[in-house]
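Everything on this sheet refers to the single structure shown next.
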Number of protein chains: 2
Amino acid sequence: MAPATPSPVSSAPTSVNTSPNDLDMSIDSRPQPSRRSRKKSKTRTALADAAAYLFETQGFDETTTVDIAERADVSQRTLFRHFATKESMLYGEMDETIDELRSALAERPPDEPPLAVVREAVVSLADNFERHRDRRLLQARLAATYPSVSAFSRATVQLGWEREIIDALSERLGVDPMHDPRPEIIAGATMSAIRVATRQWSFNGGQDDYITLIADALDALPALGAFERAS
Amino acid sequence: MAPATPSPVSSAPTSVNTSPNDLDMSIDSRPQPSRRSRKKSKTRTALADAAAYLFETQGFDETTTVDIAERADVSQRTLFRHFATKESMLYGEMDETIDELRSALAERPPDEPPLAVVREAVVSLADNFERHRDRRLLQARLAATYPSVSAFSRATVQLGWEREIIDALSERLGVDPMHDPRPEIIAGATMSAIRVATRQWSFNGGQDDYITLIADALDALPALGAFERAS
DNA sequence: TGACGAATGTCAGCCACTGACATATTGTTT
DNA sequence: AAACAATATGTCAGTGGCTGACATTCGTCA
């Protein structure tokens, strides 16, 4: 029952989202985020890696949280101190990605039209997607197989993305998203486009260029009104 | 512990989705769907009513499935023979509604443009919404409060609607929804519009005209490309 | 009426997830 | 360095949604 085969425990200090006063806290020049923080990230990474490996090899439903905890050599209780749900172990990069999405949206020129803002911001996440390529492929594969994973993706991940898009667009355009449906419609349409692109990409084993697929799907947005039957 | 206060067990023979050869099976003129089927629907209705009452009065998370079963005077095991999940008890009309959506989509003229097809089909569900008005208000209220309800709505109910829209549009337009993202984008945008409208409606206690809110939100779809900052 | 099948009850159990408390490890202060 | 505070982890017992297996009751139909 020891961590054996893959899972090199690469220990890239992934963001830890639990207690507030973590990480650096010193100023400038690689602040070396305290031994405690490093250990914590290490545990978190070990858990996420163990989960990914077991999901990959056994399937999602077939893997219990006790399995994962044992493979990461921690207690089940500790697992649930790092991850709120079993599903969230598969989406450990979500917070980081959403932060990047928020920044990307904020950096767009103030007069850019909404659809372009979203398109360019999403496309600018290319290196994020590249960084988490394997994880994203696994997520897509599992979401296609396990309803609980698909549900989590829709109800948590995609909801998170939508919130950022709605916030950015409604502020940028000075409208109240409670009464003007357009920001949320654009957000929903965007997530649909990304979903289709991701499905295609995953279905082809990740061979196509992911960002191109996404960009092409997003380019369908402005012309929806002209979508007609091919006569 | 007895079913006392409201819950009139109205026994409208709601569709029962379990075994195939149920309901009428005779032909024409009020076929009186067999005592067994009637009892089954009655149990199902009693369960849904008990659930709605308890969700309403105590909250969703605060109600256990044992509570619901006791109030409907059946065993917990029987509850789970009628409803796959606790959440689905709140959305008992879903299958019926999706059937109506499918019909409404199919009845649209073949040359109507996609956005109009969806808009008119959804608007034609007005009487369905009216029929299930109270339930819909409860759903909206609970979805705003309980993440598990919101998650179910997004991951199951809205997914079901989207599937119908995607199927209808892709067939109607002769495109492959795996490669042409437009049907899914329209479906996603549509569900976003309905979500916003429902939120507004629920927020105002159901005073506004629900269908008008939905129609207005859907009317924003064709002009998304022209959505600009008000200068 | 008797036989068959469907709906229900009972019971035991799995598993995701949580609260409470004890312990250990790390960071900080004097 | 010793004492203290903070925090990460372990242990344990429990809740609650949900399921399989088996027995029993009830409706249907010949």
Side-chain angles (χ1 to χ4, degrees), chain A residues 16-26 31-47 51 54-55 58-70 72-90 146-149 151-152 156, chain B residues 16-26 31-47 51 54-55 58-70 72-90 146-149 151-152 156:
Chain A
V16 175
N17 62 355
T18 36
S19 52
N21 54 349
D22 248 333
L23 294 204
D24 48 338
M25 88 188 36
S26 31
Q32 189 84 2
S34 92
R35 167 185 276 117
R36 188 178 271 165
S37 294
R38 269 179 286 136
K39 280 205 167 185
K40 194 173 172 183
S41 318
K42 210 171 157 184
T43 303
R44 185 185 160 92
T45 305
L47 280 165
L54 292 173
F55 294 162
Q58 316 184 339
F60 185 83
D61 288 347
E62 292 74 17
T63 301
T64 73
T65 55
V66 174
D67 290 341
I68 301 169
E70 277 177 0
D73 201 34
V74 296
S75 70
Q76 188 197 29
R77 195 65 183 83
T78 292
L79 183 158
F80 281 113
R81 287 199 182 95
H82 284 268
F83 296 94
T85 65
K86 184 181 168 186
E87 286 78 17
S88 68
M89 304 194 74
L90 184 58
Y146 298 92
S148 51
V149 176
F152 182 85
T156 303
Chain B
V16 175
N17 62 354
T18 36
S19 52
N21 54 349
D22 247 334
L23 294 206
D24 47 339
M25 88 187 38
S26 34
Q32 190 85 0
S34 92
R35 169 183 276 127
R36 190 181 266 165
S37 295
R38 268 179 287 135
K39 280 207 165 184
K40 195 174 171 181
S41 317
K42 211 171 156 183
T43 303
R44 186 186 161 90
T45 305
L47 279 165
L54 292 173
F55 293 162
Q58 314 182 340
F60 184 84
D61 288 347
E62 292 74 17
T63 301
T64 73
T65 56
V66 174
D67 291 341
I68 301 169
E70 277 177 0
D73 201 35
V74 295
S75 70
Q76 188 197 28
R77 196 63 183 87
T78 292
L79 183 158
F80 280 113
R81 287 198 182 95
H82 284 269
F83 296 93
T85 66
K86 184 182 169 186
E87 286 78 16
S88 69
M89 305 194 72
L90 184 58
Y146 298 93
S148 52
V149 177
F152 181 84
T156 303

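Throughout, a chain's letter reflects where its sequence line sits, starting with A, and its residues are numbered from 1. If you're wondering where the values come from, they're calculated on a predicted model, not measured in any experiment.
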To the nearest 0.5 Å, what is the distance between CG on A/L47 and CZ on A/F83? 6.0 Å

Measure the NZ-OG1 distance between A/K86 and A/T64 for me, rounded to the nearest 0.5 Å. 7.0 Å

Between [N] ([atom2]) and [X] ([atom1]): distance, integer Å:
{"X": "B/K40", "N": "D/dT25", "atom1": "NZ", "atom2": "C1'", "result": "16 Å"}
{"X": "B/D67", "N": "D/dG17", "atom1": "CG", "atom2": "C1'", "result": "13 Å"}
{"X": "B/Q58", "N": "D/dG16", "atom1": "CD", "atom2": "C1'", "result": "15 Å"}
{"X": "B/K42", "N": "C/dA7", "atom1": "NZ", "atom2": "P", "result": "16 Å"}
{"X": "A/R44", "N": "D/dT7", "atom1": "CZ", "atom2": "C1'", "result": "17 Å"}
{"X": "B/R38", "N": "C/dA7", "atom1": "CZ", "atom2": "P", "result": "14 Å"}
{"X": "B/E62", "N": "D/dT15", "atom1": "CD", "atom2": "P", "result": "17 Å"}
{"X": "B/L79", "N": "C/dA7", "atom1": "CG", "atom2": "P", "result": "16 Å"}

Roughly how bent is the helix from C/dT1-D/dA30 to C/dT30-D/dA1 end to end, in steps of 10 degrees, with each end axis from five pairs? 10°

Would you say a side-chain N or O of [X] is under 4.0 Å from OP1 or OP2 of [N]?
{"X": "A/T43", "N": "D/dT9", "value": "yes"}
{"X": "B/T78", "N": "C/dG9", "value": "yes"}
{"X": "A/H82", "N": "D/dT9", "value": "yes"}

Among residues at least two apart in sequence or on other chains, which ones pass ring pair (Phe, Tyr, Trp, His ring centres under 6.0 Å) with A/F60? A/F55

In terms of heavy-atom contacts, A/T63 and A/I68 come closest through CG2-CG1, 3.6 Å

For [X], which residues count as a side chain to side chain donor-acceptor pair (under 3.5 Å) partner, sequence neighbours excluded?
{"X": "B/T156", "answer": "none"}
{"X": "B/T65", "answer": "B/Q76"}
{"X": "B/T78", "answer": "B/S75"}

Mind checking what makes side chain to side chain contact (heavy atoms under 4.5 Å, CB included) contact with B/D61, not counting sequence neighbours? B/Y146, B/S148

Is there a side-chain contact between A/H82 and A/M89, using heavy atoms and a 4.5 Å cut-off? no

Heavy-atom protein contacts under 4.0 Å, nucleotides 12-25 of chain C, coded B base, S sugar-phosphate only, - none: ----SBBBB----B

